[in-house]
Amino acid sequence: MGKQVAYLVFVYSKIKDKVDISGKSDHWFGALYSIANASIESLIRLDEIDLQKNSLLKIISSKTDAQNYDELERYIKKLSKIGNYYTIDWIDILKKILEVIQEKKGIEEKNKYENVKQVTAIIDTINKTVEWLEVFSSVSIKWPKLSKTVLSTLINERNINEKISELMQKYESGEYKEINSLFREVCSKVLEGIKETLNNVGIKFDKFDWESDLVRNKLVDKILNELEQRGWIIEDKDGAKILNIKKALKIKDIRDIFGLDKVDEESAPPNLVLIRSDGTTLYTTRDIAYALYKGESDKVEKVLNIIGKDQTLPQKQLKAALYLAGYKNVADKLFHVAYELVILPGAKLSARRGRYITFDEILEDAKEKALEEIRKRSTDISLEEFDLARDIAVGAVKYALISVAPERTITFDWNRIINFEQNSGPFLQYTYARATSILRKINFEIPEADIINYEVLNTNVEKELIFNLARFPEIVLEAGEKFRPDIIADYANKISILFNSFYQRFPVLRADTREKRDARLIMVDAFRTVLRNSLDLLGIKPLEKM
RNA sequence: GGGCCCGUAGCUCAGUCUGGAUAGAGCGACGGCCUUCGGAGCCGUAGGUCGCGGGUUCGAAUCCCGCCGGGCCCGCCA
């Protein structure tokens with residue numbers, strides 16, 4: 001539905017008869033997506049350069065430096081062969097052209113030559129082309145065979161942009177059966193793989209919706225009409241429909257949405273394009289309709305859009321659009337739950353550039369580490385222990401990702417993710433197993449709570465543990481209000497540290513009096529309950545043995 | 001240029017909204033603890049101008065202003 005999906009579908013439709021989907025479907029399509037994106041972005045720009053080629057020559061040919069000119073002409077002639085073959089030399093050729101015209105630009109600026117702007121544009125295009133070609137080259141090292149197939153198929157395509165636009169129009173209309181099934185085939189297959197992975201780590205979904213249905217069932221139209229009638233839409237010369245946010249800033253509530261107390265030209269947020277000039281919708285447009293769809297019912301108290309921090313502006317625009325379309329009630333219960341992205345040391349993760357680590361890979365590594373740890377403790381590994389390793393691995397990965405405040409950028413670090421010591425998922429699971437182990441020895445026959453003399457729980461560590469256990473409800477409330485699961489992770493870690501400290505120092509079953517033994521048993525049981533509930537909230541499996 | 005976020009120990013992070021006493025964890029380093037319920041543990045040591053500079057206050061990591069460093073956004077991509 002989105003343009004990015006259309007890229008994938010476009011390429012898939014071209015090569016589907018030449019290839020087989022191998023391995024996990026989401027991984028395969030993930031690779032194809034990176035390849036498709038890098039090749040399309042490159043080819044589109046190479047086309048542009050091809051078009052600009054003559055004016056390029058003209059600008060440069062305005063004498064002064066004959067040597068530069070000859071050199072440039074040579075490279076451009078090479079470039080004109082684009083379309084017939086692919087070679088990594090493109091990058092070098094373009095870089096050299098770039099060097100020559102940049103040098104040229106220097107001369108021109110000195111002479112106040114008039115075409116500086118045009119040259120700047122060309123330099124920009126070439127820069128981006130080089131960038132994407134470099135991406136493509138790294139992608140094709142990662143997936144050589146598939147990359148070759150894609151490139152050899154796409155290289156003779158012309159007007160890719162137009163074709164993709166057409167593809168989207170047809171899909172959104174819902175009137176083209178083949179195109180419809182193609183899009184949905186791709187999406188379903190990707191989703192299939194994602195669901196499989198998430199299902200393995202205990203994450204399930206109640207419902208999925210097709211974005212395209214929001215267009216076809218006229219919900220997008222409905223909002224658009226409301227906005228149009230209220231005079232919030234402007235149409236530009238190409239026919240794109242734009243939400244007039246600048247005008248809407250006169251309304252105080254809208255300024256509040258953007259966190260502005262006054263409006264000035266400089267700091268005003270930009271208008272939002274809702275409909276492309278080809279008539280198709282954009283992601284944010286569909287998301288406006290989707291927010292309405294989710295939040296229209298009075299039974300719904302809050303609509304949480306959990307999406308990256310980089311979406312802050314579009315999410316504010318979305319909220320403003322709902323308000324302006326007359327759905328203040330829905331706008332008010334809409335929250336953007338923002339989280340920062342995970343980055344690699346040095347480079348940003350980017351699916352579009354083929355720079356990513358799959359969740360499956362991370363789990364696999366964590367699982368190996370877990371098996372290693374299990375082997376340290378018992379010699380032969382049973383099938384059951386493989387399950388155990390998975391539960392531990394999942395606990396480690398989930399905790400690592402969830403225990404950092406959402407607004408903080410997470411720098412990807414294997415050591416932190418595959419940490420099984422304190423302040424980790426496995427540490428919590430281990431502590432839970434220890435507590436369980438005590439109770440198992442008495443067949444979980446916990447003494448009656450109301451006959452206990454709690455006065456005997458009078459050591460500092462016991463008092464602190466009890467005090468913290470009592471805080472559980474307020475911790476949950478706080479985490480919920482702030483949309484901060486890390487608060488629960490931190491809490492679970494804290495009570496576990498306290499429990500371990502207690503465990504090390506004081507015997508439970510062999511306490512010196514019956515009174516103490518019973519009181520401590522009650523405390524262990526309470527701790528176990530609170531930790532189990534915390535782990536459940538975090539989606540980490542409490543383990544009774546490990 | 002405009003907007004948002006981050007800056008706390010060598011590293012990864014809590015604590016900032018709602019100001020309060022010697023600023024807390026984990027990792028890493030160093031030193032201890034298995035005749036007792038599971039050592040994936042526990043106890044201890046070293047390590048911090050809370051980015052910098054002003055201001056408000058009896059009191060500032062926390063509130064206000066100004067800088068500096070890093071990230072993100074400002075697309076008819078998502």
Side-chain angles (χ1 to χ4, degrees), chain A residues 1-7 37 41 161 165 168 236 238-242 258-260 264-287 307-317 338 340-341 343 348 351-352 369-370 373-374 376-377 392 396 400 403-411 413 415-417 419-431 433-442 461 481-482 486-487 489-491 493-494 496-497 499-511 517 520-521 524 543 545-546:
Chain A
M1 159 65 84
K3 202 169 203 169
Q4 302 301 315
V5 181
Y7 275 21
N37 194 68
E41 294 289 351
N161 251 341
S165 165
M168 279 194 292
D236 83 348
D238 301 319
K241 293 184 178 179
I242 300 166
F258 289 99
L260 302 166
D264 53 274
E265 199 48 44
E266 274 190 340
S267 60
N271 289 339
L272 175 70
V273 175
L274 294 171
I275 304 290
R276 293 190 183 95
S277 46
D278 68 5
T280 56
T281 59
L282 285 107
Y283 169 72
T284 308
T285 316
R286 300 187 296 272
D287 213 17
I307 188 165
K309 187 66 157 269
D310 52 356
Q311 297 298 308
T312 303
L313 178 60
Q315 286 292 315
K316 283 177 178 170
Q317 290 169 322
E340 260 297 358
L341 307 179
I343 60 167
K348 197 183 151 188
R352 297 180 63 178
K369 169 82 184 290
E373 294 292 320
I374 293 169
K376 278 187 200 161
R377 293 165 181 82
I392 293 169
S403 61
V404 175
E407 73 268 17
R408 195 177 284 271
T409 311
I410 298 176
T411 305
D413 174 10
N415 290 335
R416 206 175 68 80
I417 288 182
N419 168 30
F420 287 9
E421 296 173 36
Q422 255 190 50
N423 199 8
S424 79
F427 170 68
L428 303 183
Q429 289 168 318
Y430 174 73
T431 308
R434 274 181 139 184
T436 304
S437 180
I438 295 175
L439 300 185
R440 186 166 38 235
K441 288 200 162 51
I442 54 158
V461 62
E481 277 168 356
K482 293 179 178 171
D486 62 295
I487 290 175
D490 190 58
Y491 171 78
N493 188 51
K494 182 171 188 175
S496 295
I497 287 173
F499 179 81
N500 277 308
S501 180
F502 159 77
Y503 180 97
Q504 196 76 21
R505 292 178 60 188
F506 303 106
V508 177
L509 298 175
R510 295 177 207 193
R517 174 184 181 269
R520 284 174 183 167
L521 276 170
V524 170
L543 298 175
K545 289 179 180 176
M546 64 187 279

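- Between the C1' atoms of C76(B) and G71(B), the separation comes to 27 Å (whole Å).
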Nucleotide N/O to protein N/O under 3.5 Å, stretch nucleotides 62-73 of chain B:
none

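- For the OP1/OP2 pair of C37(B) and a distance below 4.0 Å, the side-chain nitrogens and oxygens of Arg520(A) include no atom meeting the criterion.
- Residue Ser501(A) places at least one side-chain N or O closer than 4.0 Å to OP1 or OP2 of C43(B).
- To the nearest whole angstrom, the two C1' atoms, one in U18(B) and one in C63(B), are 11 Å apart.
- For the pair Pro507(A)/Arg520(A), a side-chain contact is recorded, criterion being any heavy-atom separation below 4.5 Å from C-beta on.
- The distance from atom CD1 of Ile410(A) to atom CG of Leu341(A), rounded to the nearest 0.5 Å, is 9.5 Å.
- With P as the reference atom, C6(B) and U16(B) are 12 Å apart, rounded to whole Å.
- The phosphate of C77(B) has OP1 or OP2 within less than 4.0 Å of a side-chain N or O from Arg276(A).
- Residue Arg505(A) is classed as having no contact, given no heavy-atom separation below 4.0 Å to the nucleic acid.
- Take the nearest nucleotide of RNA chain B for Ile392(A) and for Ser403(A): the residue whose nucleotide is more 5' is Ser403(A).
- We find that CG of Leu509(A) is positioned 10 Å from P of C37(B), with the value rounded to whole Å.
- As judged by a 4.0 angstrom heavy-atom cut-off over every strand, Phe427(A) is placed among residues touching the sugar-phosphate backbone only.
- If you take atom C1' in G24(B) and the same atom in U8(B), they sit 10 Å apart, rounded to whole Å.
- Whole-Å rounding puts the Ile410(A) CD1 to C6(B) P distance at 15 Å.
- A 4.5 Å side-chain heavy-atom check between Ile343(A) and Thr411(A) finds at least one atom pair inside the cut-off.
- Within 4.0 Å (heavy atoms only), Phe506(A) reaches at least one base atom of the nucleic acid.
- Using a 4.0 Å heavy-atom distance criterion, Ala268(A) is classed as making no nucleic acid contact.
- Spacing of P atoms, C68(B) relative to C52(B), comes out at 15 Å, to the nearest Å.
- Look at the C1' atom in both U56(B) and C65(B): the space between them is 11 Å, to the nearest Å.
- We find that OH of Tyr503(A) is positioned 12 Å from C1' of A40(B), with the value rounded to whole Å.
- Of the side-chain N and O atoms in Ser267(A), none sit less than 4.0 angstrom from OP1 or OP2 of G3(B).
- In this structure, the CD atom of Gln429(A) is 18 Å from the P atom of G38(B), given to the nearest Å.
- Using modelled atom types, one finds no donor on one side chain facing an acceptor on the other under 3.5 Å when comparing Thr436(A) with Arg440(A).
- In this structure, a donor-acceptor pair under 3.5 Å is present between the side chains of Asp278(A) and Thr280(A).
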Contacts under 3.5 Å, N or O only, protein and nucleotides 27-34 of chain B:
{"unit_1": "C27(B)", "atom_1": "OP1", "unit_2": "Glu421(A)", "atom_2": "OE1", "d": "3.1"}

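- To the nearest angstrom, C1' of G38(B) lies 13 Å from CZ of Arg510(A).
- In this structure, Phe258(A) and Arg434(A) both approach RNA chain B, and ranking their closest nucleotides by distance from the 5' end singles out Phe258(A).
- Note: CD1 (Ile497(A)) to P (A14(B)) measures 15 Å, nearest angstrom.
- Counting non-hydrogen atoms under 4.0 angstrom, Lys482(A) reaches a base of the nucleic acid.
- Using a 4.0 Å heavy-atom cutoff across all strands shown, Glu407(A) reaches sugar-phosphate atoms only and no base atom.
- With hydrogens and angles ignored, a donor-acceptor pair under 3.5 angstrom links the side chain of Asp236(A) to the base of C76(B).
- Atom-to-atom, CD1 of Ile487(A) to C1' of C17(B) comes out at 11 Å; the value is rounded to the nearest Å.
- Between Met546(A) atom CE and Arg434(A) atom CZ the span is 11.0 Å, to the nearest 0.5 Å.
- Close to A78(B), at under 4.0 Å from its OP1 or OP2, lies no side-chain N or O of Tyr283(A).
- Using a 4.0 Å heavy-atom cutoff across all strands shown, Asp238(A) reaches at least one base atom of the nucleic acid.
- Side chains of Ile442(A) and Arg517(A) form a contact here, defined as non-hydrogen atoms less than 4.5 Å apart.
- Straight-line distance from the CZ atom of Arg408(A) to the P atom of C11(B): 13 Å, rounded to whole Å.
- In this structure, Leu274(A) CG and Gln317(A) CD are separated by 9.0 Å, a value rounded to the nearest 0.5 Å.
- Of the C1' atoms belonging to C73(B) and A14(B), the separation is 27 Å, rounded to the nearest Å.
- Using atom C1' as the reference point in both A21(B) and C58(B), the two lie 13 Å apart (nearest Å).
- Lys545(A) comes within contact range of at least one nucleobase, with a heavy-atom separation under 4.0 Å.
- Base pairing in RNA chain B yields stems of at least 3 consecutive Watson-Crick or G-U pairs, both distances under 3.5 Å, namely B:1-7 with B:68-74, B:10-13 with B:24-27, B:29-33 with B:41-45, B:51-55 with B:63-67.
- Between Ser424(A) and Glu421(A) there is no side-chain heavy-atom pair separated by less than 4.5 Å.
- Taking only side-chain nitrogens and oxygens, Arg377(A) comes nearer than 4.0 Å to OP1 or OP2 of A40(B).
- How far OG1 of Thr431(A) is from CD1 of Ile497(A): 9.0 Å, rounded to the nearest 0.5 Å.
- Between the side chain of Arg352(A) and the base of C77(B), at least one donor-acceptor pair of N or O atoms lies under 3.5 Å.
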